[in-house]
There are 2 protein chains.
Amino acid sequence: MESKTHQVECHNCRLANGCLAKGLDGDEIKQLETIISHKRPLKPSEFLYRQDDQAQSLFVVKSGSFRSTVLDAEGIEHTVDFHLPGELIGLEALQKGLFRGSVEALETASVCELPLAQLSPLSSKIPGLQSQLLHIIGSQFAAQHDRAALLGNHPASEKTARFLLMLSHRYSNLGYSSTEFNLSMPRYHIASFLCLSLETVSRQLGRLKEKGLISVQKRGIHINSLESLKSSI
Amino acid sequence: MESKTHQVECHNCRLANGCLAKGLDGDEIKQLETIISHKRPLKPSEFLYRQDDQAQSLFVVKSGSFRSTVLDAEGIEHTVDFHLPGELIGLEALQKGLFRGSVEALETASVCELPLAQLSPLSSKIPGLQSQLLHIIGSQFAAQHDRAALLGNHPASEKTARFLLMLSHRYSNLGYSSTEFNLSMPRYHIASFLCLSLETVSRQLGRLKEKGLISVQKRGIHINSLESLKSSI
DNA sequence: CGTTTGCTTGAAGGTTCTCAACAGAGGTGG
DNA sequence: CCACCTCTGTTGAGAACCTTCAAGCAAACG
C-alpha cells in the first residue's frame with residue numbers, strides 16, 4: 001500500500017496555474033501527467049522525507065501543510081519554513097541528490113511527486129516546462145529574501161505581526177481569506193521559526209489581541225484590520 | 001566605457017570546475033563563452049544591481065566579494081548573504097525578472113555576466129549545462145538551509161563562532177587557508193547578517209580572542225584551532 | 001477518567017541593546 | 001607636513017527585552 005499511486009489530473013487541479021503545468025498546452029500537460037505520481041496522503045506529523053535521505057523526487061504540496069527543518073551539528077532542530085499548497089519542496093536536493101533537511105506534515109496532507117530522473121529530460125523537451133520550473137525556483141529564492149526581512153533584527157512583537165501578515169498574504173494568494181485562517185502549527189513551531197521562545201510567541205499574540213488588532217481562539221486567527229496590523233509594525 | 005566587455009575564457013578560469021562550465025567538453029565551453037561577458041570591475045561599495053531593477057542577467061562572482069541586502073517595508077536594510085568567488089548571484093530574479101534585493105561590492109570585485117535570454121535556450125541545447133545549472137541552484141538552496149541553522153536561535157557567542165567557521169569552510173573550498181583570512185566586511189555588516197548589534201559582534205570576537213580560540217587584528221582573522229572553535233559552540 | 005499535549009501567565013534572571021565616550025586609521029585640505 | 005574630519009572598532013554602564021523556570025488550565029486522547 002505504501003507505494004500505491006493514483007491517477008494524476010493536472011488539467012483539473014485548482015492549483016495548476018501556480019504550479020508546473022502553468023502555460024502548458026493540453027498535450028504537454030498530458031506528458032507531464034505521465035511522470036507525476038501521487039503518494040498516499042500523509043498523516044499529521046508524518047515525515048515526507050528526512051534529512052540525508054536519498055532524493056529521487058521533488059514534491060509539490062497538493063493539500064494540507066508542511067514544516068521543513070534542519071538539524072544543526074549539535075542536533076538542535078530549526079524550523080526553516082512552512083509549506084502551503086502549490087509550493088515546491090526539495091530543491092536543496094538538486095545539489096547532491098540528498099535532502100538537506102526534513103519535511104513533516106502538520107496535518108493530513110498530500111503531495112504530487114516529480115521524479116528527478118524524468119523531470120530534467122522532459123523540461124529539455126518542453127520549453128514551457130523549463131521556463132516554468134525556473135520561474136518557480138525564482139519564487140522560492142524571492143520568498144527566502146522576504147523571509148530574511150521577516151526574521152531579521154526585529155523585536156518579538158514585530159516578528160509575530162509579520163508572521164501573521166506573511167500567512168495572510170500566502171493564503172490570499174491561494175484564494176483563501178486573508179483575514180481569517182487557522183494556524184496549522186503549534187506555538188512552539190512558530191517560536192522555532194521566529195527564533196523566539198514559545199512563551200514569547202504566546203505573549204505577543206496576547207498583546208496583539210489586547211490591542212484589538214487580531215482575535216485569537218487557539219489556532220484560529222482573525223485579523224481585524226490588515227492595515228492596522230501592518231501599521232503596528 | 002560602462003558597457004565595455006572583455007574576452008571570457010572559462011577554459012582557463014581557476015573557478016571553472018565549481019562553476020557552470022563544470023563537466024562540459026571543449027566545444028560546449030566555447031558555446032558558453034559566447035554568451036558570457038565581463039563587466040568592468042566594481043569598486044568597493046559599488047552596486048552590482050539594486051532592488052527592483054529589471055534583471056537581464058545572472059552573475060557569477062569572479063573575484064572579490066559581495067553583500068546582498070533587502071529593504072523591508074519599513075525601509076530597514078537587512079544583510080541576507082555574503083558572496084565569494086564562484087557563487088551565482090541573482091537567482092531570485094527568475095521569478096518576475098526583477099531583482100528582489102541589492103548586491104554591493106565589499107571590495108574591488110568582478111563578475112561574469114550570464115544573459116537570461118540566452119542562458120535558458122542554451123541550457124536546453126546542452127544537457128550538461130542544464131544539469132550543472134540545476135546543481136548550482138541546488139547548492140544555493142542547501143546553503144540557505146545551512147544559513148538557517150547558523151542564524152537560528154543561538155546566543156551571540158555561538159552565532160559569531162559559527163560565522164567564522166562558515167567563512168573558514170567557504171574559503172577552504174576555494175583553495176584558500178581555512179584558518180587565516182581577512183574579513184572583507186565591516187563589523188556592522190556582520191552584525192546585520194547575524195541579527196546582532198555591532199557592539200555585540202565586537203565583544204564576542206573579543207571573547208573568542210580572550211579564550212585563545214582566535215587571533216583578531218582588525219579585519220584579519222586567525223583561527224588557532226578549528227577543532228577548539230567548533231567545540232566551543 | 002487519568003494522562004498527555006498545547007497554551008497561557010507570572011516572576012526572576014540573564015543576555016543583548018542602546019547610549020556614550022574614546023582610540024586608531026585613513027583621507028582631505030589648508 | 002600637520003591639523004582636521006570621518007569611518008571603523010573597542011569598551012563601559014544602564015536599561016530593555018527576552019528567556020527560563022514554574023504553575024495552572026483546557027482540550028484531546030487512550
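Computed from a predicted structure; not experimentally measured. A, B, ... follow the sequence lines: proteins, then strands. Residue 1 opens every chain.
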- Message: Counting only heavy atoms not in A:E74 (residues, nucleotides, ligands), do more than 12 fall under 6.0 Å from its CD?
- Response: yes
- Message: Does A:F193 form a ring pair (Phe, Tyr, Trp, His ring centres under 6.0 Å) with A:F82? I'd like the steps, not just the answer.
- Response: CA-CA 9 Å; A:F193 178 67; A:F82 299 105; 5.3 Å; yes
- Message: Quick check on DNA chain C: between A:V201 and A:N153, whose nearest nucleotide comes earlier from the 5' end?
- Response: A:V201
- Message: Nearest heavy atom decides the nucleotide; on that basis, is B:S157 or A:L198 closer to the 5' end of DNA chain C?
- Response: A:L198
What is the distance, rounded to the nearest whole Å, between atom [atom1] of [X] and atom [atom2] of [N]?
| X | N | atom1 | atom2 | value |
| --- | --- | --- | --- | --- |
| B:L194 | C:dC17 | CG | C1' | 15 Å |
| A:M185 | C:dC7 | CE | P | 11 Å |
| A:Q204 | D:dC17 | CD | P | 10 Å |
| A:R207 | D:dC17 | CZ | P | 9 Å |
| B:L205 | D:dT11 | CG | P | 11 Å |
| A:I190 | C:dC7 | CD1 | P | 8 Å |
| B:L208 | D:dT10 | CG | P | 12 Å |
| A:R187 | D:dT19 | CZ | C1' | 18 Å |

- Message: Does B:L196 reach a base, just sugar-phosphate, or nothing at all? Heavy atoms under 4.0 Å.
- Response: sugar-phosphate
- Item | side-chain contact (heavy atoms from CB on, under 4.5 Å) between A:L20 and A:L114, worked out | CA-CA 10 Å; A:L20 276 175; A:L114 308 163; 3.4 Å; yes
- Look at A:R219 and C:dC7 and indicate whether a side-chain polar atom (N or O) is within less than 4.0 Å of OP1 or OP2. yes
- Under 4.0 Å between a side-chain N or O of B:Y188 and OP1 or OP2 of D:dT8? yes
- Message: Please confirm whether the ring centroid of B:H78 lies under 6.0 Å from the ring centroid of A:H145.
- Response: no
- Which nucleotide in the set D:dG9, D:dT19, C:dT9 lies at the smallest distance from any side-chain heavy atom of A:S202? C:dT9
- Query: Which listed nucleotide (D:dT20, C:dC19, C:dT16) is nearest to the side chain of A:E199?
  - Reply: D:dT20
- Can you say whether the rings of A:Y176 and A:Y171 are parallel (under 30°), tilted (30 to 60°) or perpendicular (over 60°)? perpendicular
- Query: Hey, is the side chain of A:Q217 pairing donor to acceptor with the base of C:dC7 inside 3.5 Å?
  - Reply: no
- Record whether the side chain of A:R203 comes under 3.5 Å of the base of C:dG10 through a donor-acceptor pair of N or O atoms. yes
- Note on the structure: Closest to the 5' end of DNA chain D, once B:T200 and A:A156 are matched to their nearest nucleotides, is B:T200
